[in-house]
Amino acid sequence: MKSERRKIKTPKSINREIVKHFLMLAVILVLLVESVFLIITSSSANSTAREQLMRIGRDVASLTDGHNDSALLRYMRNCREDGFAVYIVAPDGKVILPLEEAEEVGFSNEIEDIKSRLIKAGRGGSVIYTANDNLNYVASVNFYGEKILVASYSLLITRNTMRRLIIYFTIVGVIAITLCGLISYVVSQKLSGGLKNLSSCAERFSKGDFNVDFANSEYLELAVLSDTLNSVRDEVKKSGDFQRELLANVSHDLKTPLTMIKAYASMIREISGNNPEKRDKHLQVIIDEADRLTGLVNDVLNVSKVNSTLNQINPKVFNLTEFVYGIINKFEYLQETQGYSFMVDIDANLYTRADEEKISQVIYNLLGNAVNYTGEEKTVYISLKKDLAGDRITLKIRDTGKGISKEDLPEIWNRYYRVNETHSRPVKGTGLGLNIVKIILQNHKFDFGVDSELGKGSTFWVDFPEVPAEIQ
Ligand code: ADP
């Protein structure tokens, strides 16, 4: 046998999990948005600077070709205001324009490098390249002879802007993450608040408090759970009440015959012992009451037996006509002793497929109820008829009793349910009979039901599948 190792995980707090995942999501989103934004910004700043340098190159070339010196100087100053340094440089690296900068700025160190780049670019060409944190543009221009245009843009400007952007983004990111944390905390508190409430109610319920209210939550899923728990509570409460009532009924019903037996036994000892006629009469009462007691105990035993085997069905084909007659015959003693009559209308030779023992329980219960609850004329009508389509047999058991009210109709099939009324015969029911009928017929998947009208009586019916006789 393989040895199974079960990992016991410590349960996680929903609150903490929600906040943790929200925060993770917020951090990922902030980082993603920031990096995409920074990449796009820095690459677009670089390409804008390149385009600007190339435009400056074209403008300066046209100004030098036109010998428009003052316009050229103005243009160079404007460029400087936009962050672009523009120089006209002599072949030896000295600055020719703007003159005022000739003292401070010189390109004698770089001039050879610049020239060799220009030679590589070919005649009339221009080059853009990066050197010493600058984006440089160099081109040959005609300014009173062949000169070189050097325009440069400091990349430090872009870097500073980026650095500032990163700081802003970090601040905005921290604020966004904090807000996200706060919102997720509030949401998680709200959600888990509903759950905590339900679990504390469930705890009270488990300790036997049936008045607990699984209060409805504002969230749909929790509201559904509350409703389910409320109906579980009602069912448990009902079942408890019914069981208590059943216990009271059964003990009451046991008490009456016991009292009678004791009373008549004492009477025989003290009064009728020597009078054979009286003694026999009193003994008969004792026998009858003992029979009643046996019947009652049998009922209770049957109930528990039926309950434990209710779900097992052993179907077989049998003659339903004879089967129903057989059960009616067992009720014959009521006809002789108490004046009951059974009016039958039963088709011959009808076969069905079902669990005989369970179906006998169904018919016994329905007939027993019809006898118990029928009216003054003490008549029960039983019909067993094949339907016109020929695939079903309907059993109907009708009484002419008080009937069942509309409110009670759906309830009578529930376990331990008894309508509070007095009946024609002292009813020793347990409220389990129709519940057993329901479970058996549902397991067979047979249709069944009851039609009843107050004051007129009830008709309980069951549809059996018909099996053709030749299959026998
Ligand atoms: P019981 O053992 O009390 O008869 P059942 O489950 O057989 O329990 O029936 C449940 C309740 O349904 C009965 O208490 C009775 O009030 C009602 N009932 C059942 N059959 C009839 C009927 N034929 N006529 C009127 N009421 C009925």
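Whatever order the structure lists ligands and atoms in, that order sets their numbers, starting from 1. The model shown is predicted, which means the values in this text are computed figures rather than measured ones.
Assignment of F460 to the shell around ligand 1 is supported, since a heavy atom sits closer than 4.0 Å. Ligand 1 is approached by S458 to a heavy-atom distance shorter than 4.0 Å. N365 does not count as a contact of ligand 1, since none of its heavy atoms falls under 4.0 Å from the ligand.
Of the candidates T459, I412, D408, I412 brings a heavy atom nearest to atom 12 (O) of ligand 1.
When only interatomic distances are considered, the shortest N/O to N/O separation between G433 and ligand 1 falls below 3.5 Å. The shortest N or O to N or O distance between N435 and ligand 1 is not under 3.5 Å. Looking at ligand 1, you'll find an N or O of L434 within less than 3.5 Å of one of its N or O atoms.
Every atom of ligand 1 is numbered from 1 in the order shown, and the set under 4.0 Å from a heavy atom of D399 is 22 (C), 23 (N), 24 (N).
Cation-pi check for R233 over F205 is not met; the charged atom does not lie both under 6.0 angstrom from the ring centroid and within 45 degrees of its normal. Judged by a 6.0 Å distance limit and a 45° cone about the ring axis, K378 is positioned over the six-membered ring of Y340.
Using modelled atom types, one finds no donor on one side chain facing an acceptor on the other under 3.5 Å when comparing D399 with T374.
Counting non-hydrogen atoms of neighbouring residues, nucleotides and ligands closer than 6.0 angstrom, the CG atom of N132 reaches no more than 12 such neighbours.
Relative orientation of the F342 and F331 rings is perpendicular, given thresholds of 30° and 60° on the angle between their planes.
Atom NZ of K396 sits about 10.5 Å away from atom NZ of K385, to the nearest 0.5 Å.
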